[in-house]
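Order of the sequence lines fixes the chain letters, A, B, ..., with proteins taken first and strands second; residue numbering starts at 1 for each chain.
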Amino acid sequence: MTDKLLEIDHLTVRFKGARTIHAINDLSLSLGEGETLALLGESGSGKSVTLKALLRLLPPKRTEIEGDIRVGGTDILRLSGRSLQRYRGGDVSMVFQEPALALDPVYTVGAQIAETVMRHKGVSRSEAMEVALDMLKRVKIPSPERRLQNYPHELSGGMRQRVMIALALACRPRLLLADEPTTALDATVQIQILLLLRELQKEFGMGVIFVTHDIGVAVEISERIAVMYAGQIVEEGTTREIIKDPRHPYTRGLLAANLHDVARGERLAAIPGAPPALETRPASCSFAPRCALAGPDCRAGLPPVVTPAPRRRVACLRADEAVPAE
Amino acid sequence: MSATELYDRLPDRGGPAQPLLTVRGLKKYFPIRGGILGRTRAMVQAVDGVSFEVRKGETLGIVGESGCGKSTTARLAVGLIDRDEGDIIFDGDALGDTLSLRELRRGIQMVFQDSYASLNPRLTIEESVAFGARVQGLSDPMGRAHGLLARVGLDPARFAQRYPHELSGGQRQRVNIARALAMSPRLVVLDEAVSALDKSVEAQVLNLLSDLRAEFGLTYIFISHDLNVVRYISDRVLVMYLGEVVEVAPVAAIWARQAHPYTRSLFSAMPSMDPDNRTEEPPLTGDPPNPIDPPEGCRFHTRCPFAATLCGRKAPQLRKIGADGHLAACHLHDPTSGHPKAGKIA
Ligand SMILES: Nc1ncnc2c1ncn2[C@@H]1O[C@H](COP(=O)(O)OP(=O)(O)OP(=O)(O)O)[C@@H](O)[C@H]1O
Ligand SMILES: Nc1ncnc2c1ncn2[C@@H]1O[C@H](COP(=O)(O)OP(=O)(O)O)[C@@H](O)[C@H]1O
Ligand code: SF4
Ligand code: SF4
Ligand SMILES: [Mg+2]
Ligand SMILES: [Mg+2]
C-alpha cells in the first residue's frame with residue numbers, strides 16, 4: 001500500500017466501432033492527497049476519456065480498458081453495484097464544462113444538494129438542507145437562503161457553475177475531477193471561479209485533477225501539470241518546471257503558441273500539421289510528424305521516458321539536449 | 001496564379017484618408033417573445049449607439065465578454081441583419097443612399113467561429129469556394145477556387161474534392177477564409193474565427209491571415225475574447241460592454257494604459273502565466289448584468305470600483321482622452337463631469 005490518493009498504471013482505452021480509436025495509450029499518473037494537477041492538452045488528446053475512466057463513465061460495451069486505477073488503494077476498475085455508486089459522488093466527484101450535465105432542471109438547487117448528501121452520508125433531510133445552505137455560502141452565492149429555492153434555469157451562468165461546485169463538494173470528496181469547468185465562462189467570471197476552486201481546495205484539502213486546454217488556466221489552478229498528446233502523457237512536472245523549463249518539443253510549441261507577450265507583426269512559431277487520428281496504436285513518437293527535432297530514431301520506436309528530476313518526466317529522445325526557453 | 005489574378009479587387013474610391021467603414025449610432029434591439037400569443041415581452045438591447053471607423057488597411061480588434069454585442073455589431077455592419085437605427089458608410093457611400101445592400105455585401109465578407117456550420121455539407125470544398133465567385137460573375141471561378149485553396153495551404157490535388165466532414169477544424173477554417181476571399185472583398189470580418197481552433201493550429205491560421213492581409217491589401221475587423229490574440233493581430237482595439245463602446249485605442253496605447261475601469265478589469269482577468277505570481281484577487285465580482293434590463297446611467301456602474309452617485313444617473317459619452325486617438329466613455333476622464341475623482345485617476 002502507498003499513501004497515494006490516485007495511482008493510474010499503464011491505462012489503455014480503446015473504443016470499438018467501424019474504426020477502432022486508440023484514445024488512451026499506456027498512461028501512468030499518480031497524485032498525492034491534497035495535490036492539484038492540471039491535465040493539459042488539445043482537443044482529442046484524451047483528457048476527458050481519462051477522467052471518465054476514473055469515474056467509470058465510459059460505455060462498457062464499446063470500450064476496452066486495460067491497466068490499473070487505484071483510488072486510496074481501492075481498485076476502481078473492479079467496483080460494481082453499490083460500491084460503485086458510493087464511490088461516484090462520494091470519494092470522487094466531478095464538475096463539468098456544462099452545468100446542465102450535473103444539474104437536474106426539475107429540482108431546486110437546495111433539493112439536489114440535499115439529496116446527494118442524504119444518499120452518501122445517511123443524514124436526515126433537515127441536516128442535509130443545512131449542509132446545502134452551508135455549501136452555497138462557501139461558494140459565495142449572494143442571498144444563499146433564497147437561492148436554495150431556485151431552479152437551475154433561474155441562475156446566471158457563473159452562478160450555476162458555483163452551484164455545481166457546491167454539489168460536487170457537498171460530500172467532501174477526497175478527489176475532485178474538473179473537466180474544463182470555466183471554459184464557457186466570461187473572462188471576468190472565469191477568474192472568480194478559478195480563485196474560488198483554489199480556496200476551497202485549500203480549505204477541504206482534496207486532490208484535484210483539472211482538465212484544460214488553456215495553459216494560463218493551468219498556471220492559475222495547479223501545482224503540477226501533465227501534458228497530453230495523442231492519448232499519452234508526454235511531459236509532467238511542477239507548474240514552474242513546465243512553464244520555465246519545458247523539455248518536450250510539443251510543450252515548447254504550445255507555450256510559444258499561447259501568444260503571451262508576442263509582439264505585433266512577429267511571425268508566430270506555429271507547430272505545423274495537426275494531431276494524429278488515433279486509428280492505430282502508436283508504435284513510435286506520435287509527435288514526430290510535426291516535430292522539428294525528429295530523426296529516424298524517433299520513428300523507430302516509442303521514445304524513452306526521461307526523468308530529469310524526481311516526479312519530472314519527458315517522453316522524448318531529445319529531452320536532455322533541449323535548451324530551456326529564454 | 002498571382003494575387004492579382006486571384007483577386008478582382010473593388011476600386012478604392014475615397015483615397016487612403018477616407019475610412020473604409022464608418023458606423024454611426026448603430027442600434028439593434030431584439031424582441032423576446034413569450035406567452036401563448038407570442039407577444040413581445042421584453043427587448044434585448046444588443047447594440048445601443050455604437051460608432052466607430054475602420055481605416056483602410058488596418059485591423060480593428062473588438063473585445064468584450066460574451067453577449068456584449070460584438071457579433072451583432074459585426075452582422076449589422078455587414079448588412080446580415082437590419083439595423084433599428086444608425087448609419088453605415090462604406091468608402092464614402094452610405095447604405096440606403098448611394099450604396100445598395102448588395103454592394104455592401106460584395107465589399108465585406110465574414111468568417112465565423114463555427115467552421116462546420118458555415119459550409120454546405122453537400123458541396124465539395126472546391127464547389128463551396130467557387131460558388132461565391134460564380135455568383136459575382138467573376139471569371140474562371142474554379143481556377144480561382146483552386147488558386148485560393150492552394151494559397152490558404154490546402155493542396156487542391158489532395159483537398160479540392162473533399163467534403164467538409166473530411167477535414168479538421170483548422171482545415172475547414174482555411175476553406176472558410178478561401179471562400180470569403182473568393183468574393184474579392186475589401187473588408188473581412190473575422191468573428192471568433194480562430195477561437196475554436198487548438199492553440200497549435202490557431203498560430204498557423206493567424207500567420208496565414210497576416211500574410212493574406214499584406215498580399216491582398218485587406219482590411220480586417222477581428223473579433224475575439226482572447227486579448228493576447230487581439231494584441232498580436234490588431235492595430236487598434238475597441239472594447240464593448242453591454243451593447244456599448246467603452247474604449248477605443250491603438251493597441252500599444254491600451255496595453256500601456258487601460259483608461260476605462262471595465263477595460264482594466266478585463267485585462268486583469270487575463271491569466272498571469274506566472275506560477276510565482278498568480279492572480280490573488282478577482283478584478284470583478286458577480287456576472288455581467290442582463291442586457292434586457294441594463295443598469296441606468298453608466299452601464300458598468302453596478303460593478304465599477306470607482307462608481308459615484310453620478311454614474312448611476314448619467315451615461316458618460318465617448319470622448320478623446322489622449323493625443324493618439326484614445327477614446328473612453330467614463331466620467332473619471334471628463335474633468336467637467338462632476339465625478340468626485342474626475343481627472344485624478346490615470
Ligand atoms: N464514446 C466514444 N466513442 C468513440 N470515441 C471516443 C469516445 N469518447 C471519446 N472518443 C475519442 O477519444 C479521443 C479522446 O477524446 P477526449 O474526449 O478524451 O478528448 P479531450 O482531450 O477531452 O478533448 P476536448 O478538449 O475536445 O474535450 C478522441 O479521438 C475522441 O474522438
Ligand atoms: N437573434 C437574436 N434574438 C434575440 N437576442 C439576440 C439575437 N442575437 C443576439 N441576441 C442577444 O444580443 C446580445 C448580444 O449578442 P451578441 O452580439 O451575439 O454578443 P457577442 O458576440 O458579443 O457575444 C446578447 O444578449 C444576445 O443574447
Ligand atoms: S522523440 Fe523525437 S519526434 Fe518525438 S518529440 Fe522527441 S525529438 Fe520530437
Ligand atoms: S462612469 Fe462611473 S461607473 Fe462608469 S466606469 Fe466611469 S467611474 Fe465607473
Ligand atoms: Mg474533453
Ligand atoms: Mg459572438
- Item | Donor-acceptor pair, side chain of B:Asp198 and main chain of A:Glu42, under 3.5 angstrom |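 Judged by distance alone, no pair lies under 3.5 Å.
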- Message: Test your reading of the model: is there a side-chain donor-acceptor pair from A:Asp186 to the backbone of B:Glu65, 3.5 Å cut-off?
- Response: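 The answer is no, because no donor-acceptor pair under 3.5 Å joins these two groups.
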Quick check on the interface: out of [options], who has the most heavy-atom pairs with chain A under 4.5 Å?
| options | answer |
| --- | --- |
| B:Ala252, B:Ser272, B:Gly170 | B:Ser272 |
| B:Asp226, B:Leu266, B:Asn207, B:Asn228 | B:Asn207 |
| B:Ser265, B:Ser210, B:Gly286 | B:Gly286 |
| B:Pro275, B:Ala203, B:Pro282, B:Pro283 | B:Pro275 |

Minimum heavy-atom separation for [X] and [Y], please, with both atom names.
| X | Y | result |
| --- | --- | --- |
| A:Val189 | B:Pro288 | CG2-CD, 4.0 Å |
| B:Leu284 | A:Gln192 | O-NE2, 2.9 Å |
| A:Gly273 | B:Val201 | O-CG2, 4.2 Å |
| A:Ala270 | B:Gln204 | CB-N, 3.6 Å |

Separation between [atom1] of [X] and [atom2] of [Y], rounded to the nearest 0.5 Å:
| X | Y | atom1 | atom2 | result |
| --- | --- | --- | --- | --- |
| B:Glu280 | A:Glu199 | CD | CD | 10.5 Å |
| A:Ile243 | B:Met273 | CD1 | CE | 4.5 Å |
| B:Leu206 | A:Leu268 | CG | CG | 6.0 Å |
| B:His225 | A:Leu185 | NE2 | CG | 11.0 Å |
| A:Asp214 | B:Lys199 | CG | NZ | 7.0 Å |

Relative to chain A, which segment of [X] carries a heavy atom at a distance below 4.5 Å: side chain, backbone, both, or neither?
| X | result |
| --- | --- |
| B:Thr279 | both |
| B:Leu227 | neither |
| B:Glu281 | backbone |
| B:Glu202 | side chain |

Which bit of [X] is near chain B, if near means a heavy-atom gap under 4.5 Å: side chain, backbone, both or neither?
| X | result |
| --- | --- |
| A:Arg290 | side chain |
| A:Thr238 | neither |
| A:Leu194 | neither |
| A:Ile215 | both |

- Message: Test of understanding: with ring-ring contact (aromatic ring centres under 6.0 Å, His included), list the residues that count as partners of B:Tyr116, not counting sequence neighbours.
- Response: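 So B:Tyr116 forms no ring-ring contact (aromatic ring centres under 6.0 Å, His included) with any residue.
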- Message: Walk me through whether A:Arg240 and B:Asp274 qualify under salt bridge (Lys or Arg N to Asp or Glu O under 4.0 Å).
- Response: CA-CA 8 Å; A:Arg240 191 172 292 106; B:Asp274 181 357; over 6 Å; no
- Message: I'd like to check A:Ile191 versus B:Met270 (side-chain heavy atoms, cut-off strictly below 4.5 Å). Are they in contact?
- Response: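 They are not in contact (no side-chain heavy atoms under 4.5 Å apart), so the answer is no.
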- Would you check, one step at a time, whether the test side-chain contact (heavy atoms from CB on, under 4.5 Å) holds for A:Ile221 with B:Arg278? CA-CA 9 Å; A:Ile221 197 78; B:Arg278 303 204 292 192; 5.7 Å; no
- Task: Determine, stepwise, if the pair B:Asp287 / A:Arg160 fulfils salt bridge (Lys or Arg N to Asp or Glu O under 4.0 Å).
- Result: CA-CA 11 Å; B:Asp287 294 1; A:Arg160 271 201 293 272; over 6 Å; no
- Item | Residues of residues 234-241 of chain B with any heavy atom under 4.5 Å of a heavy atom in chain A |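 The list, in residue order, reads B:Ser234, B:Asp235.
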